[in-house]
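Report on one structure; see the data block that follows.
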Protein chains: 2
Amino acid sequence: MTRPRTGPRRDPEAQRRALAAAAELLTELGFHKVTMERIAERSGVAKMTLYRWWPNKAAIITDAVRDTLAPSSTPDTGSVTTDARTQLDALIKVIAPYGDASVTAAAMSSRGEEGRADLAGILQPWHDSLVTILERAQARGELSQDFPVTVTAHAWMGYVVYRVVFLQQDITETDLTALVTAR
Amino acid sequence: MTRPRTGPRRDPEAQRRALAAAAELLTELGFHKVTMERIAERSGVAKMTLYRWWPNKAAIITDAVRDTLAPSSTPDTGSVTTDARTQLDALIKVIAPYGDASVTAAAMSSRGEEGRADLAGILQPWHDSLVTILERAQARGELSQDFPVTVTAHAWMGYVVYRVVFLQQDITETDLTALVTAR
DNA sequence: ATGACTTGACGATACGTCTCGTATCGTCAT
DNA sequence: ATGACGATACGAGACGTATCGTCAAGTCAT
């Protein structure tokens, strides 16, 4: 009955190609013009196979952008304004090409649908990174103990997301400096 | 050849019913489950007639929420923290039921798509209102002349939009107070 | 004034298209 | 022999278009 395990295994190379194709198409076309058929065509992976690995379109898109959207590290120069500006600058550069995808992924989450948690999850590391920067500044006395760390981190995240993703505006260095200086 | 103008006029009552139905369905179902057919059914206006008045779904949704989402006035108590908190509180209450619709509308506006719902346009009056509050404070000397008005207004807007629409979180009074106080 | 006429907005309905997601089947490497 | 893969057909839902008959609102002739 239970023969050990024979037959072919799933092909990780196909998965890699599918994710690469999804990420490419995403920056080229934007979320809503990326279709499962186009991903299949570009990657050479059959559409059916895509659905064998990911339950729906939101899932494969999320997987495709997760790596690219993760912060690489948290700067620690000893100056909160420098660190914050550096990190926010990195965030802007990273999400700008995917702004459309991010907001659309969020959109797919409407009313208890799954997918929203994905966006929050993807941006969470950036929020955490900003919190770390602020808490280090608190620890070394650069900020007071009752400084509103979480609110400030949310405001910074919100500023970037609002302008880049919602308003689709560029953010100048001057703006960014004013943002992290105005405390 | 050119007879002045005869025949029936467009029915503003039908338009009113269509917009009301769209707004209702939006809060009940969220953007992506509102269909033109459902709006037609609920309002008693034929789908074809909807397309005679609005070019696409985004347009009718935008029209439907524009009024509800507009700020009624700009508070002016003489205290920038009070005014800002009041106004941001009003913004939160207004967009919370439409959070889903807003983010979806934003999604539709990306990549020069035609089905573009003008989210930026709808939120602009709120931004302007915050700018007014800050400039009044500057005028009466409560804020310095080089205070970054626009950046602050964007950060406040971003904070609300990010938490309410993206993360779908509630915002406490404490958070709001910390936001407008931390300057 | 009155009654026939013309215009065009509306409702109903059938389509065409696109895309998601499912079902089925033969092939072929392990 | 197993089962992952590619190819293909298919069903469902939604957007947006096309077409047609109806009917009310004005217009014009008498």
Side-chain angles (χ1 to χ4, degrees), chain A residues 1-19 21-22 25-26 29-64 101 104-105 107-111 113-115, chain B residues 1-19 21-22 25-26 29-62 64 101 104-105 107-109 111 113-117:
Chain A
M1 199 78 265
T2 53
R3 193 163 161 161
R5 171 71 170 81
T6 140
R9 316 294 193 261
R10 289 199 159 176
D11 182 358
E13 175 59 19
Q15 181 178 30
R16 198 198 53 73
R17 274 185 295 143
L19 288 176
L25 290 168
L26 207 48
L29 307 175
F31 184 97
H32 94 289
K33 281 189 177 167
V34 176
T35 68
M36 294 302 258
E37 249 119 22
R38 274 196 252 263
I39 297 176
E41 186 190 11
R42 172 78 61 106
S43 65
V45 175
K47 189 173 75 158
M48 245 335 278
T49 303
L50 299 179
Y51 279 105
R52 287 192 186 99
W53 291 29
W54 295 276
N56 51 51
K57 179 178 164 182
I60 188 171
I61 295 295
T62 303
D63 251 29
T104 311
M108 295 192 61
S109 75
S110 45
R111 305 287 153 167
E113 226 67 29
E114 47 192 304
Chain B
M1 199 75 267
T2 51
R3 198 165 160 158
R5 170 71 170 83
T6 140
R9 313 294 192 259
R10 290 197 159 177
D11 183 359
E13 174 60 18
Q15 182 178 31
R16 198 198 53 74
R17 274 184 296 142
L19 288 176
L25 289 168
L26 205 48
L29 307 175
F31 185 97
H32 91 290
K33 282 187 179 168
V34 176
T35 68
M36 294 301 259
E37 250 117 21
R38 274 195 252 263
I39 296 176
E41 186 189 11
R42 173 77 62 105
S43 65
V45 175
K47 189 172 79 158
M48 244 334 277
T49 303
L50 298 179
Y51 279 106
R52 286 192 187 100
W53 291 43
W54 294 275
N56 52 51
K57 178 179 165 182
I60 187 171
I61 295 294
T62 303
T104 312
M108 299 192 60
S109 77
R111 303 276 160 166
E113 217 50 37
E114 44 186 299
R116 118 177 237 115

Between atom CG in B:L25 and atom C1' in D:dA14, what is the gap in whole Å?
15 Å
Among D:dA4, C:dG21, D:dG16, find the nucleotide with the atom closest to the side chain of A:Y51.
C:dG21
For A:R38 and for B:A14, find the nucleotide of DNA chain C with the closest heavy atom, then tell me which residue's nucleotide is more 5'.
B:A14
Taking 4.0 Å as the cut-off, does a side-chain nitrogen or oxygen of B:T49 come that near to OP1 or OP2 on C:dG11?
yes
Protein-nucleotide distance (A:E13, atom CD; D:dG6, atom P), rounded to Å:
11 Å
Return the value, rounded to whole Å, for the distance between atom CE of B:M36 and atom P of D:dA14.
13 Å
B:W53 side chain: which of C:dC10, D:dC15, C:dC20 is closest?
C:dC10
Compare side-chain N and O positions of A:R9 against OP1 and OP2 of D:dT2 and report whether any pair is under 4.0 Å apart.
no
Gap between atoms CG and C1', on B:L50 and C:dA9 respectively (whole Å):
13 Å
Take atom CZ of A:R10 and atom P of D:dT2, then tell me their distance rounded to the nearest Å.
19 Å
Within the modelled atom types, does a donor on one side and an acceptor on the other bring the side chain of A:R52 and the base of D:dG6 under 3.5 Å apart?
yes
Could you check which of D:dG16, D:dA4, C:dC20 has an atom nearest any side-chain atom of A:P8?
D:dA4
Atom pair distance, as rounded to whole Å: CZ in A:R17 and P in D:dC5
10 Å
Are A:R16 and A:E13 close enough for a salt bridge, meaning some N to O gap below 4.0 Å?
yes
Would the distance check show the side chain of A:R42 and the main-chain N or O of A:A21 forming a donor-acceptor pair, the cut-off being under 3.5 Å?
no
Rounded distance (Å) that lies between atom C1' of C:dC18 and atom CG of B:N56
16 Å
Any side-chain to backbone donor/acceptor pair from A:R38 onto A:K33? Under 3.5 Å, distance only.
yes
How close or far is atom C1' of D:dC15 from atom NE2 of A:H32, stated in whole angstroms?
12 Å
Under 4.0 Å, counting only non-hydrogen atoms across every strand here, what does B:M48 touch: a base, just sugar-phosphate, or nothing?
base
Could you say whether B:A46 or A:K47 is positioned toward the 5' end of DNA chain C, judged by the nucleotide with the nearest heavy atom to each?
B:A46
Within 45° of the axis and under 6.0 Å from the centre of the six-membered ring of B:F31, does NZ or CZ of B:K57 qualify?
yes
Would a distance-only check, ignoring hydrogens and angles, find a side-chain to backbone donor-acceptor pair under 3.5 Å from A:T49 to A:V45?
no
